[in-house]
Novice: 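The structure under discussion is supplied below as structure tokens; questions concerning it will follow.
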Amino acid sequence: MKRLLTGLQPSGALHLGNWVGALKPFVELSREYESFLMIVDYHALTTLKEPEALRENILGIAKDYIAAGADPEKSTIFKQSDVPEHTELAWIFQCLVTVPFLQQAHAYKDKVAKGLEANAGLFAYPMLMAADILLYDTDIVPVGQDQRQHIEYAREAAAKFNNTYGELFREPKEHILDSVATVPGTDGQKMSKSYKNTIPLFGTKDEIAKAVMSIITDSKAESPENVYNIHSLFRTRSELSELYKANKGKYQALKGALIEDIEAVVAPMRERRDSISDDDVRRILKEGSERARAIAGSKMNDVRRAIGVTI
Ligand code: ADP
Ligand code: TRP
């Protein structure tokens, strides 16, 4: 069976973009693959330095995964920091790639341009992500468009290692749905936890409504483009074309329709989420990390032998 793996950072509440870009495709594909779903808490450490918030986000995101349909019986759901082989392998990859190569990473440049601290962890981030993926001989990685280059970096790390030490890693492929490659936020830019333009996935109906009502619209346009683009995640083009024709110029009504469409999808997931306790999460992550460690540990034994530190 081929392997599927993805990860999300516990750096804040998940939004519609995370769900549509990564979590929903993961859940849909996980039926056909041996699947791994990670909480990449050490990646979140590049930007989040509040222990209490990190703890809460980890518990929260695990609940989000399960509420969105990830099945802990069928998928290995685990926390990156519980499998120390990830940071260990990241170091080895860092010794294989150059500084100019890492300097070309769009995600790093964008984050620094947005004012985030250029710490060394943020800089080396793609090599930790490469380790996350390559340790499990992953075939497919469902992500949003913004992560395409990071998957290329993972392939590059695999190739560098294989050329230097002999064939050990499989080169993974990204899985990016064209239709939802980049979900726009309330300001029309990429929806992102760091840009304060999100529609929360598990917010209350009021929170979702408030975010939808704040979507920026161009008062001169016939159809509110930013509203339409988000709406197209929930309805077909033909359904939308009727609705938007019937409500030409009526932005409030269209936003109201969008709120109801989001609510119809989210309400059952929200209910499921409320039934999951912190202790359920601890148990699931413990079992998941044991399964993950068995695989990662055996791969790292091969790596240590290949690079010459096993004597
Ligand atoms: P954020 O930018 O909100 O911090 P992350 O970087 O944690 O999100 O992304 C987690 C996953 O969600 C990644 O696979 C990413 O590509 C996907 N994703 C994030 N934002 C969007 C978006 N606006 N549209 C589509 N996918 C997205
Ligand atoms: N960099 C990804 C993001 O910000 C998160 C991530 C870390 C990831 N490790 C991964 C995604 C491995 C897929 C596979 O969204």
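Everything numeric in this text was worked out from a predicted model, so none of it was measured. Order of appearance sets the numbers: ligands from 1, and atoms from 1 within every ligand.
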Novice: Evaluate salt bridge (Lys or Arg N to Asp or Glu O under 4.0 Å) for Arg293 paired with Asp82, printing each intermediate quantity in order.
Specialist: CA-CA 8 Å; Arg293 274 206 88 173; Asp82 285 338; over 6 Å; no
Novice: What atoms in ligand 1 come closer than 4.0 Å to a heavy atom of Gly21?
Specialist: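 Selected atoms, number and element: 25 (C), 26 (N).
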Novice: Between Tyr165 and Phe161, how do the two ring planes meet: parallel, tilted or perpendicular, split at 30° and 60°?
Specialist: tilted
Novice: If you measure from each non-hydrogen atom of Ser192 to ligand 1, which part falls under 4.0 Å: side chain, backbone, both or neither?
Specialist: both
Novice: What are the atoms of ligand 1, with element, lying closer than 4.0 Å to any heavy atom of Lys190?
Specialist: 2 (O), 19 (C), 20 (N), 21 (C), 23 (N)
Novice: Considering distance alone, does some N or O of Asn18 sit under 3.5 Å from an N or O of ligand 1?
Specialist: yes
Novice: Which one of Val143, Val183, Asp146 has a non-hydrogen atom at the shortest distance from atom 15 (C) of ligand 1?
Specialist: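 Heavy atom nearest to atom 15 (C) of ligand 1 belongs to Asp146.
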Novice: With salt bridge (Lys or Arg N to Asp or Glu O under 4.0 Å) as the rule and sequence neighbours excluded, what pairs involving residues 109-128 come up?
Specialist: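 Only Lys49-Glu117 qualify under salt bridge (Lys or Arg N to Asp or Glu O under 4.0 Å).
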Novice: Quick check on contacts: which atoms of ligand 1 are under 4.0 angstrom from a heavy atom of Ala22?
Specialist: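 By the 4.0 Å cutoff, the relevant atoms are 11 (C), 12 (O), 14 (O).
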Novice: Going by an N to O cut-off under 4.0 Å, is there a salt bridge joining Arg282 and Asp279?
Specialist: yes
Novice: Do Phe101 and Met127 come within less than 4.5 Å of each other through their side chains, counting heavy atoms only?
Specialist: yes
Novice: Do any pairs count as a side chain to side chain donor-acceptor pair (under 3.5 Å) and have a residue in residues 13-32, sequence neighbours left out, and if so which ones?
Specialist: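 Every side chain to side chain donor-acceptor pair (under 3.5 Å) pair that includes a residue of residues 13-32, provided the two are not neighbours, is His15-Asn18.
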Novice: Would you say that Ile216 contacts Thr186 through its side chain, given a criterion of any heavy-atom pair below 4.5 Å between the two side chains?
Specialist: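 No. Closest side-chain heavy atoms not under 4.5 Å.
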Novice: For ligand 1 and Thr182, I'd like to know whether there is a polar contact (N/O to N/O, distance under 3.5 Å).
Specialist: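 Such a contact does not occur with ligand 1.
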Novice: For residues Phe202 and Lys63, determine if any side-chain heavy atom of one lies less than 4.5 Å from a side-chain heavy atom of the other.
Specialist: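 Of all side-chain heavy-atom pairs linking Lys63 with Phe202, none is under 4.5 Å.
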Novice: When the side chains of residues 64-74 are checked against the rest of the protein, which donor-acceptor pairs come out under 3.5 Å, sequence neighbours left out?
Specialist:
unit_1, atom_1, unit_2, atom_2, d
Asp64, OD1, Arg273, NE, 2.5
Asp64, OD1, Arg273, NH2, 3.0
Tyr65, OH, Leu8, N, 3.2
Tyr65, OH, Met38, O, 2.5
Asp71, OD1, Glu73, N, 2.8
Asp71, OD2, Lys74, NZ, 3.4

Novice: Measuring from non-hydrogen atoms of Val20 to any atom of ligand 1, is the shortest distance under 4.0 Å?
Specialist: no
Novice: Does any N or O atom in Gly7 lie less than 3.5 angstrom from one in ligand 1, N or O only?
Specialist: no
Novice: Centre-to-centre under 6.0 Å for Tyr136 and Phe78, is that the case here?
Specialist: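 Yes.
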Novice: Please tabulate protein-ligand N/O pairs under 3.5 Å for ligand 2, atom names and distances to 0.1 Å.
Specialist:
unit_1, atom_1, unit_2, atom_2, d
ligand 2, 1 (N), Tyr125, OH, 2.7
ligand 2, 1 (N), Gln147, OE1, 3.0
ligand 2, 4 (O), Gln9, NE2, 3.2
ligand 2, 4 (O), Tyr125, OH, 2.9
ligand 2, 4 (O), Gln147, NE2, 3.4
ligand 2, 9 (N), Asp132, OD2, 2.6

Novice: Determine, for Arg148 against Glu152, whether the closest basic-nitrogen to carboxylate-oxygen distance falls under 4.0 angstrom.
Specialist: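 Not counted as a salt bridge, because no side-chain N and carboxylate O are separated by less than 4.0 Å.
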Novice: Would you check the N or O atoms of Met191, main chain and side chain alike, for any that come under 3.5 Å of an N or O of ligand 1?
Specialist: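 There is such a contact, yes.
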